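Reckoned from all heavy atoms, side chains included, excluding hydrogens, waters and symmetry mates. A quick note: this is a predicted structure, and the numbers were derived from the prediction, not measured.
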Amino acid sequence: MESSRALICCIIFLSFFCLLCCAEEEVNLSINGAISIAETDDNFICATLDWWPETKCDYNQCPWGKAGILNLDLGNKILANAIKAFSPLRIRIGGSLQDQVLYKVGTSAPKCPHFKRIENGLFGFSKGCLDMDRWDNMNKLFQETGAKITFGLNALMGRKKSNKNDILMVGNWNPKNALDFMKYTASKGYKIDSYELGNELCGNGVSARIEAEQYGRDIIVLKKLVQELYPDPATQPKVLGPAGFYDKEWFNAFLKTSGPNVVDGLTHHIYNLGAGAWVGEAGGAYNSGGKEVSHSFVDGFCALLWHRLMGKNVLSASHNGSPYLRIYSHCSKKTAGISVLIINMSNSTTFDVKVADEYKDENQREEYHLTPKDGDILSDVLLLNGTPLKLTESSDIPAMNPQLVDSTSPIKVAPDSIVFATLKGFRASACA
């Protein structure tokens, strides 16, 4: 009798546990395909190559290793194949130390120092140097992989610290070293998509700042130099700035000073995973990323699949489900219909997402379910439709094939998972 009671209690407990941990919720997703609410660039996914040396350490970790511009293995096949997979990938060369980089070319940089830790240096480092042999090798990689390059120039040349404020830098930008570098780059036929002036010098700055009006005058100088070096508008690099955190008053004053037809792209940095005009730098966590997080599944939704599936035109998507469910919709990139990205941040609820007004035809829906190995969101092993994504024996990117699903069935989104789905039969006039 006692055994029967124990069994009944156990069954009740397990049923209650399952209700708590294995919940399912039906969700209705509405997508307005009549109009596009925004448009992204063709190269929406991009990457930054930063200047940090191996000695950059934070929070009891030194994560950069040999990933910095000056010690990166440019002959690494995995790196080349990753860049090629995006065809093309925009690569921004820049970051915190770019305003301390000398270019070893011409007469304005007779010495070529290495970055060293110093107590009073910007971000705790001395000046560093890019020699032209390294630049040649970098461009060999860029040419072989078809990368589009945005190069961040040193904007602190010629300035000095203000007597009033240690972080405020005053004086006109001295473009001599940058000009020698750009002349060398143009003479070698290296393709530069855009030049960006400075890194995080706007508003309150980070380790240094420049007044908005001064920066506006400096970027006019850069624009004139670019126009002189590249007289053909078809091959002329764009001029971008200010590559920092948004400050309304500073940005307004800067643009008023620079005037029209100077800045081709207004770039800013953002680290809360939100949208932006031209986000030149972003991520889950600044200052070298989060330990055991930035390289894991939980920080991986901006993936190659976005680049392959999500087109330029953004559609309005809304649902009646949990706030732990995030859904985004775009016109499909290379097929008819639309593609959706669904992120389930719940660790206990499966969502059955029913797309309202989906056109019913013979097309099967293509689904890409991304989950972490063993359900651990801090795992660096990613499963696609249950299969681990691993480089091939020749270090190529693995095939990323969808699973085909009946288009009349809901999209089943497991806890702690990311799903891309392509709905070829969805009628969206904005995508015609």
Side-chain angles (χ1 to χ4, degrees), residues 37-52 89-101 122-123 148-156 159 167-169 173 192-223 226 237-290 294 299 301-302 306 312 314 328:
I37 59 172
E39 187 175 296
T40 65
D41 186 76
D42 283 328
N43 307 109
F44 182 73
I45 302 296
C46 57
T48 290
L49 289 180
D50 212 308
W51 294 97
W52 289 120
L89 176 66
R90 180 184 297 280
I91 295 178
R92 170 183 176 257
I93 299 171
S96 299
L97 296 184
Q98 81 176 52
D99 294 304
Q100 298 188 105
V101 176
L122 206 65
F123 295 98
K148 297 184 69 171
I149 303 303
T150 293
F151 192 94
L153 295 167
N154 181 341
L156 292 184
R159 306 187 203 275
I167 196 175
L168 177 64
M169 305 296 287
W173 176 50
I192 301 296
D193 179 77
S194 44
Y195 282 109
E196 190 173 44
L197 184 61
N199 182 81
E200 297 178 352
L201 302 172
C202 56
N204 293 325
V206 178
S207 284
R209 71 182 182 90
I210 301 173
E211 296 288 10
E213 293 80 4
Q214 178 64 64
Y215 185 86
R217 293 190 292 270
D218 295 331
I219 209 162
I220 291 173
V221 172
L222 174 59
K223 183 70 171 184
V226 169
K238 301 178 184 67
V239 170
L240 311 179
F245 299 105
Y246 181 71
D247 179 295
K248 182 179 179 181
E249 291 184 4
W250 193 100
F251 272 59
N252 287 347
F254 150 56
L255 291 173
K256 183 177 180 180
T257 302
S258 63
N261 305 316
V262 173
V263 181
D264 298 299
L266 194 64
T267 57
H268 70 271
H269 297 176
I270 187 168
Y271 278 91
N272 59 1
L273 298 181
W278 184 328
V279 181
E281 191 175 294
Y286 66 92
N287 202 16
S288 304
S294 293
D299 196 41
F301 84 91
C302 279
W306 177 293
K312 294 174 61 173
V314 185
Y328 309 89

Q: With sequence neighbours left out, write down each residue that passes ring-ring contact (aromatic ring centres under 6.0 Å, His included) with Tyr195, or none if nothing qualifies.
A: none

**Q.** 4.5 Å side-chain heavy-atom contact, Asp99 and Asn154
**A.** yes

(Q) Just verifying a value: how many Å separate Leu89 CG and Cys46 SG, rounded to the nearest 0.5 Å? (A) 7.5 Å

Q | Residue list, side chain to side chain contact (heavy atoms under 4.5 Å, CB included) with Leu255, at least two apart or on another chain | A | Ser258, Leu266

Q. With distance as the sole test, does Trp250 use its side chain to make a donor-acceptor pair with the main-chain N or O of Ile210 at under 3.5 Å?
A. yes

Q: Hey, could you give me the CD1/CD1 distance between Ile93 and Ile192, rounded to the nearest 0.5 Å?
A: 6.5 Å

Q. Where do Leu240 and Ser194 come nearest, in terms of heavy atoms and distance?
A. CD1-OG, 3.4 Å

(Q) Any non-hydrogen side-chain atom of Val206 less than 4.5 Å from a side-chain atom of Phe245? (A) yes

Q) Partners of Gln214 by side-chain hydrogen bond (donor to acceptor under 3.5 Å, both in side chains), sequence neighbours excluded? A) Asn172, Arg217, Asp218

Q. Do the side chain of Tyr215 and the main chain of Leu197 share a donor and acceptor less than 3.5 angstrom apart?
A. yes

Q | side chain to side chain contact (heavy atoms under 4.5 Å, CB included) partners of Gln98, counting only residues at least two apart | A | Trp51, Arg92, Asn199

(Q) Minimum heavy-atom separation for Ala243 and His269, please, with both atom names. (A) O-CE1, 3.2 Å

**Q.** Stepwise side chain to side chain contact (heavy atoms under 4.5 Å, CB included) check, Asp41 with Arg90
**A.** CA-CA 11 Å; Asp41 186 76; Arg90 180 184 297 280; 4.2 Å; yes

Q. Within a strict 4.5 Å, meaning less than it, do heavy atoms of the Phe251 and His268 side chains meet?
A. yes

Q: Applying side chain to side chain contact (heavy atoms under 4.5 Å, CB included), name anything that partners Lys312, two or more places apart in sequence or on another chain.
A: Glu39, Thr40, Asp42

Q: Check the surroundings of atom CG in Asn252: do more than 12 heavy atoms from other residues, nucleotides or ligands lie under 6.0 Å from it?
A: yes

Q | Interatomic distance, Ile219 atom CD1 to Thr257 atom OG1 [nearest 0.5 angstrom] | A | 11.5 Å

Q: Applying side chain to side chain contact (heavy atoms under 4.5 Å, CB included), run through Lys238 and Thr150 and close with a yes or a no.
A: CA-CA 9 Å; Lys238 301 178 184 67; Thr150 293; over 6 Å; no

Q: Could you please spell out the steps behind the side chain to side chain contact (heavy atoms under 4.5 Å, CB included) verdict for Glu211 and Leu168?
A: CA-CA 8 Å; Glu211 296 288 10; Leu168 177 64; 3.9 Å; yes

Q: State which residues pass ring-ring contact (aromatic ring centres under 6.0 Å, His included) with Trp173; sequence neighbours excluded, sorted by chain then number.
A: none

Q: Give the minimum heavy-atom separation between Val226 and Pro237, together with the two atoms involved.
A: CG1-O, 3.5 Å

(Q) Does Leu201 form a side chain to side chain contact (heavy atoms under 4.5 Å, CB included) with Leu156? I'd like the steps, not just the answer. (A) CA-CA 9 Å; Leu201 302 172; Leu156 292 184; 4.0 Å; yes

Q) If every non-hydrogen atom of Val262 is compared with every non-hydrogen atom of Lys223, which pair is closest and at what distance? A) O-CD, 3.2 Å

